[in-house]
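Here is the structure we will look at.
Just so it is clear, the values below take in all heavy atoms, side chains as well, and ignore hydrogens, waters and symmetry mates.
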Amino acid sequence: MRAVESLPLATTGGAARLLVSPVNSHNEWDPLEEVIVGRLDGATIPSPHPVVTCNVPPWAARFQRLAAGARYPRVLLEPAQRELDQFIHLLRSLGITVTRPDAVDHKRRFATPDWSSRGFCVTCPRDSMLVIGDEIIETPMAWPCRYFETHSYRAILKDYFRRGARWTAAPKPQLTDALFEADFRIPEAGEPVRHILTEFEPVFDAADFVRAGRDLFAMRSNVTNQTGIDWLRRHLGPGYRVHQIESRCRTPMHIDTTFVPLSPGKVLVNPEYIDIDRLPDVLSSWDILIAPEPTPVRERLLKITSLCGKWLSMNVLSIGDKRVIAERHHTEMLRALEKWGFEPIPCDLLHYAPFGGSFHCATLDIRRRGTLESYFD
């Protein structure tokens, strides 16, 4: 608990009063009390850009190029909305407060002095905002179509700030051609991993970071460069340590299908993307849980429109007390979680994949019941 003198103050009618932040989340597993859940309204197929195309599966990339800037069709929206509504009902039935962003028109074009684009959607608050303790950090994302994504959350952010939260925005990137490798191509199997981003300026998605108290784990990817990781490391200061995870994925994007801390001393890892022998030394005393092979998705439309890879089975949401919400379709993952001592709660969100994710992606935990701790020597 913070000392009283460190609490923020609000002034009303000349009188100061102490504020206790509604934002408090230090890790991925403490009991969840409040969460932001994304919204499908107005979702628009991403505008064309090399940084978008290189990060999505080949079939989805073809679909994206053909229909960029158009509304998502009802055949994709309706099943995703049904599952999202059921997920929100589940969270509320567990006593968790659910907050939603505003619906906006993502089809509207916007511009900077250097480029223009249409929007995308606000299905995945995990990407655009990072919660560290009582602070929400707006991230400098590399996809041009997501440049103003946090505007949908402004009413929420202003409310949290007025009630005592800290609110920070990382430097807004220019996203000019200097940020992207002009001759980039996805490496072939067996070739060294390459990234489309240069170090022209700091960019990162919050979903390339996971939290374990005073230690964070970060992954360099096609949306997060080394300069972005360094910016966050300096911003957080000496009270935190940021460790980097090496991914062998040929199209790396977001750590939460690669490396997922589930509880103190237990981390779920992707055997295809992670070399266990090259994990940071601080994890030497932790149990490394190897994710089972994902259950194949047979539905043809999902296979050709999903923006995510097969390891979305790892995109689970811990709600505390060893309880983890996981995709009902991925039965091997449910069995593995039980074997490891967790209580999996099956839920459907398979049809959310064309919009960018699953349970962890679709949420941003605002308040977990717990304090800042160190889980490593």
Side-chain angles (χ1 to χ4, degrees), residues 38 45-57 60-61 64 68 112 115 117 119-130 137-150 169-182 184-187 193-210 216-233 235 242 244-260 270 273 306-309 311-312 314-315 353-358 360-362 364:
I45 295 165
S47 294
H49 191 283
V51 76
V52 177
T53 306
C54 78
N55 277 312
V56 298
Q64 182 260 331
T112 76
W115 49 266
S117 176
F120 175 31
C121 58
V122 287
T123 53
C124 297
R126 184 74 58 176
D127 303 349
S128 60
M129 294 171 289
L130 178 63
I137 302 170
E138 294 185 54
T139 61
M141 294 195 289
W143 281 24
C145 59
R146 307 188 76 175
Y147 200 74
F148 292 110
E149 193 166 304
T150 54
K172 208 70 173 167
Q174 294 172 275
L175 302 188
T176 62
D177 290 345
L179 179 63
F180 308 103
E181 296 285 358
F184 176 80
R185 64 171 178 83
I186 297 172
V193 174
R194 293 188 296 273
H195 304 95
I196 193 171
L197 300 176
T198 70
E199 302 301 330
F200 174 68
E201 60 189 344
V203 288
F204 62 92
D205 279 14
D208 271 323
F209 297 82
V210 286
L216 283 78
F217 295 89
M219 186 180 79
R220 188 179 173 196
S221 75
N222 282 331
V223 291
T224 296
N225 61 8
Q226 186 64 50
T227 309
I229 296 172
D230 292 343
W231 183 92
L232 185 64
R233 182 180 280 122
H235 174 75
V242 180
Q244 289 187 226
I245 299 294
E246 295 180 27
S247 173
R248 297 184 297 201
C249 178
R250 292 184 296 126
T251 54
M253 180 178 174
H254 298 168
I255 198 171
D256 51 7
T257 55
T258 298
F259 178 93
V260 182
N270 183 325
Y273 297 167
S306 173
L307 295 183
C308 310
W311 291 100
L312 201 58
M314 293 179 59
N315 202 253
F355 305 92
S358 190
H360 195 256
C361 297
L364 179 68

Legend entry - Chi angles and distances behind the side chain to side chain contact (heavy atoms under 4.5 Å, CB included) call for Leu216, Arg233: CA-CA 9 Å; Leu216 283 78; Arg233 182 180 280 122; over 6 Å; no

Legend entry - Any donor-acceptor N/O pair, Arg250 side chain to Ile186 backbone, under 3.5 Å: no

Inset, instruction - Go through Met253 and Asp205 one step at a time and tell me if the side chain to side chain contact (heavy atoms under 4.5 Å, CB included) criterion holds. - result: CA-CA 9 Å; Met253 180 178 174; Asp205 279 14; 4.2 Å; yes

Inset, instruction - Could you tell me which non-hydrogen atom of Phe355 sits nearest to which non-hydrogen atom of Leu307, and how far apart they are? - result: C-CD1, 4.3 Å

Legend entry - Side-chain heavy atoms of Trp231 within contact of Pro140, under 4.5 Å: no

Inset, instruction - Would you check if His49 and Ser117 make a side-chain contact, meaning some heavy-atom pair closer than 4.5 Å? - result: no

Inset, instruction - Give a yes-or-no answer on whether the side chains of Asn225 and His195 include a donor-acceptor pair shorter than 3.5 Å. - result: no

Legend entry - Straight-line distance of Thr227 OG1 to Leu197 CG, nearest 0.5 Å: 9.5 Å

Inset, instruction - Measure across Arg126 and Ala206 and return the closest heavy-atom pair with its distance rounded to 0.1 Å. - result: O-CB, 3.1 Å

Legend entry - Nearest atoms (heavy-atom pairs only) where Cys54 meets Asn222: SG-ND2, 3.9 Å

Inset, instruction - Kindly say whether Ser128 contributes a backbone atom to a donor-acceptor pair with the side chain of Thr139 at under 3.5 angstrom? - result: yes

Inset, instruction - Determine yes or no for a side-chain-to-main-chain donor-acceptor pair under 3.5 angstrom, with Gln226 supplying the side chain and Glu199 the backbone. - result: no

Legend entry - Chi angles and distances behind the side chain to side chain contact (heavy atoms under 4.5 Å, CB included) call for Val223, Met141: CA-CA 7 Å; Val223 291; Met141 294 195 289; over 6 Å; no

Legend entry - Distance in Å, Glu138 CD paired with Thr150 OG1, rounded so as to fall on 0.5 Å steps: 3.5 Å

Legend entry - Any side-chain donor near an acceptor of the partner, Thr224 and Asp208, under 3.5 Å: yes

Legend entry - Salt-bridge criterion met for Arg146 and Asp127 (N-O under 4.0 Å): yes

Inset, instruction - For the pair Glu201 (side chain) and Leu175 (backbone), establish whether a donor and an acceptor sit closer than 3.5 Å, ignoring hydrogens and angles. - result: yes

Inset, instruction - Find out whether His360 and Thr257 are in side-chain contact, i.e. whether some heavy atom of one side chain is under 4.5 Å from a heavy atom of the other. - result: no

Inset, instruction - Enter the distance from Asn315:CG to His254:NE2 here, rounded to the nearest 0.5 Å. - result: 10.0 Å

Legend entry - Beyond-backbone contact of Ser247 with Val193, side-chain heavy atoms, under 4.5 angstrom: no

Inset, instruction - Using the six-membered ring wherever Trp is involved, compare the ring planes of Tyr147 and Trp115 and label them parallel, tilted or perpendicular (cut-offs 30° and 60°). - result: perpendicular

Inset, instruction - Nearest 0.5 Å please: distance from the OG atom of Ser221 over to the CD1 atom of Ile245. - result: 13.5 Å

Legend entry - Minimum heavy-atom distance Val260-Met314, with the two atoms named: CG2-O, 3.9 Å

Legend entry - Minimal non-hydrogen separation, Val52 against Ser47, with atom names: CG2-O, 4.0 Å

Legend entry - Nearest-0.5 Å distance, SG of residue Cys249 to CG of residue Asn270: 8.0 Å

Inset, instruction - Enter the distance from Thr258:OG1 to Arg248:CZ here, rounded to the nearest 0.5 Å. - result: 11.0 Å

Inset, instruction - Could you please spell out the steps behind the side chain to side chain contact (heavy atoms under 4.5 Å, CB included) verdict for Glu149 and Trp143? - result: CA-CA 10 Å; Glu149 193 166 304; Trp143 281 24; over 6 Å; no

Inset, instruction - If a pair satisfies side chain to side chain donor-acceptor pair (under 3.5 Å) and one of its residues is in residues 172-181, list it, with sequence neighbours excluded. - result: none

Legend entry - Closest non-hydrogen atom pair between Ala142 and Val51, with its separation: O-CG1, 3.6 Å

Inset, instruction - Measure up the Phe209 and Phe204 rings against each other and bin them: parallel (under 30°), tilted (30 to 60°), perpendicular (over 60°). - result: perpendicular

